[in-house]
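For reference, the structure is listed below as structure tokens.
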Amino acid sequence: MANKIDVKELLEAGVHFGHMTRKWDPNMAPYIYMERNGIHIINLYKTAAKIEEANEAMKKIAASGRKILFVATKKQAKDIVSEKALACNMPYITERWPGGMLTNFVTIRKAVKKMASIDRMKKDGTFMTLSKKERLQVDRLRAKLEKNLGSIADMSRLPAALFVVDIKAEHIAIKEAQKLNIPVFAMVDTNSDPREVDYVIPANDDASKSIDKILTLVTDAVKDGLANRTSDKEVDETTEVEAVAEVAAPVAEVAAPVAEAPAVEATETKSEE
């Protein structure tokens, strides 16, 4: 089960700290509780409500078998996002956002396939037939591809949604998602425009404790969705087996006398001779 959202825990993680008042975006006004010492304080009750809303939507996406791409290239969020996304088997981008990642997905997939072809070369021995210089170049290319695209190697089609930490830092990713009508979930601080995303989670997107807390709650919901998908599959398989058994039983009953019929005919023919 996903963790219950406790406002006290959000407070302890520092989720409520916004940016300086002079840097605020007026569109964040509905999510701001007050101003203190020149800093805006986020209303954590609204944050909790928005997390629940986002979790329900993400749970449904995960249960349908589709992927959610997690995006965070800022230093304090990288390790947290990669760890949490890996834990729920979802793709993520924590290095530089590759331009055209979504809008030119075919080309990105080609780069991922290139990585797979280099791995095949190493397995079948083709790699060792290359010169030392060529092997070095191929290894460098493989390392570069792994660094930038290794985390999305299993993403064979466009993601069903994006989860973004800091929409200002990841504005290119959001623009691409908007072009393709891919829903965006995001942690939005007081200096950002919440109208750019579909599911707003008003929160401090700079502190690692805050990022960790929100990501934990969100990925737990994704895990729940995946668990529901697994249990649904098991139920479907059990139902299918039972249905086959129900059909097989009457068929067997009909088949029994039919199988005996030739033997009777053979006996009658023998007696007539």
Side-chain angles (χ1 to χ4, degrees), residues 2-3 5 10 15 18-19 24-32 42-74 77 80-81 84-85 88 90-94 97-105 108 152 155 157-206 210-211 213-226 228-229:
N3 291 349
I5 298 160
L10 295 178
V15 176
H19 276 267
W24 83 309
D25 189 304
N27 293 299
M28 279 297 288
Y31 307 109
I32 294 172
I42 295 166
N43 187 330
L44 291 182
Y45 288 99
K46 291 195 174 182
T47 299
K50 286 294 183 180
I51 292 172
E52 286 179 359
E53 184 186 327
N55 282 358
E56 281 304 311
M58 293 181 84
K59 200 184 291 185
K60 286 176 184 175
I61 292 170
S64 71
R66 293 172 295 167
K67 296 288 186 184
I68 299 164
L69 178 62
F70 287 78
V71 185
T73 58
K74 62 198 296 182
I80 298 167
V81 168
K84 301 294 182 185
C88 60
M90 289 293 167
Y92 60 92
I93 294 286
T94 53
W97 175 265
M101 169 74 211
L102 301 177
T103 52
N104 197 12
F105 189 66
I108 297 295
I152 60 159
M155 195 173 76
R157 58 177 178 168
L158 283 169
L162 256 64
F163 185 94
V164 176
V165 177
D166 192 340
I167 64 174
K168 272 187 173 290
E170 316 304 341
H171 65 279
I172 299 172
I174 289 170
K175 291 294 180 191
E176 289 192 29
Q178 287 171 344
K179 280 184 182 178
L180 299 171
N181 294 320
I182 295 173
V184 178
F185 297 78
M187 288 178 66
V188 184
D189 214 327
T190 57
N191 67 333
S192 305
D193 186 353
R195 296 175 300 175
E196 293 182 11
V197 300
D198 302 278
Y199 293 87
V200 178
I201 299 176
N204 177 354
D205 63 11
D206 291 314
S210 172
I211 295 167
K213 184 61 188 174
I214 300 294
L215 262 292
T216 299
L217 293 167
V218 164
T219 52
D220 281 351
V222 172
K223 287 175 190 174
D224 278 357
L226 293 171
N228 290 344
R229 176 175 171 77

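Between M101 and I152, some side-chain heavy-atom pair lies under the 4.5 Å cut-off. You'll find the side chain of I167 stays beyond 4.5 Å of the side chain of P194, heavy atoms only. Counting heavy atoms from C-beta outward, L162 and I174 have side chains that stay 4.5 Å or more apart. No side-chain heavy atom of V15 sits less than 4.5 Å from a side-chain heavy atom of I42. Taking the side chain as every heavy atom from C-beta outward, S192 and M28 never approach each other to under 4.5 Å. Residues L215 and M187 have side chains in contact (heavy-atom distance under 4.5 Å, counting atoms from C-beta outward). Residues V222 and F163 are not in side-chain contact: their nearest non-hydrogen atoms beyond the backbone lie 4.5 Å or more apart.
With respect to I201, the side chain to side chain contact (heavy atoms under 4.5 Å, CB included) criterion is satisfied by exactly one of V165, L217, V218, V164: V218.
Taken to the nearest 0.5 Å, the OH atom of Y45 stands 10.5 Å off from the CG atom of L10. The NZ atom of K60 sits 11.0 Å away from atom CZ of R66, with the distance rounded to the nearest 0.5 Å. One distance of note links CG of D220 with CD1 of I5; it measures 10.5 Å at 0.5 Å rounding. Of the inter-residue distances, the one linking M58 atom CE with I68 atom CD1 reads 4.0 Å to the nearest 0.5 angstrom. Considering CG of D166 and CG of D206, their distance stands at 6.5 Å, rounded to 0.5 Å. To the nearest 0.5 angstrom, L180 atom CG is 6.0 Å from L158 atom CG.
Here the closest heavy-atom approach between residue A62 and residue R229 is recorded as O-CD, 3.9 Å. Nearest approach of A161 to F185, heavy atoms of both residues: CB-CE1, 3.6 Å. The minimum heavy-atom distance linking Q178 with E196 is given by the pair NE2-O, 3.0 Å. Residues P98 and I108 share a closest heavy-atom pair of CB-CD1, 4.2 Å. Residues P91 and K67 share a closest heavy-atom pair of CD-CD, 3.8 Å. Scanning both residues, N204 and D189, for their nearest heavy atoms gives CA-OD2, 3.7 Å.
Although no hydrogens or angles enter the test, the distance criterion places no donor-acceptor pair under 3.5 Å between the side chain of T219 and the main chain of K84. Using a distance-only test at 3.5 Å, with no hydrogens or angles considered, no donor-acceptor pair links the side chain of K50 to the main chain of P202. Between the side chain of N228 and the backbone N or O of A63, no donor-acceptor pair lies under 3.5 Å. Formation of a donor-acceptor pair under 3.5 Å by the D193 side chain with backbone atoms of R195 is found in this model. Looking only at distances, a side-chain donor or acceptor of D198 sits under 3.5 Å from a matching main-chain atom of V184.
Not a single salt bridge (charged side-chain N to carboxylate O under 4.0 Å, His left out) links D25 to another residue, sequence neighbours left out. Among residues two or more places apart in sequence or in another chain, the salt bridge (charged side-chain N to carboxylate O under 4.0 Å, His left out) test is passed with E52 by none.
Ionic pairing of E176 and K179 is not present here: no N-O contact between side-chain nitrogen and carboxylate oxygen is shorter than 4.0 angstrom.
When ring centroids are compared, Y92 and F70 stay outside the 6.0 Å threshold.
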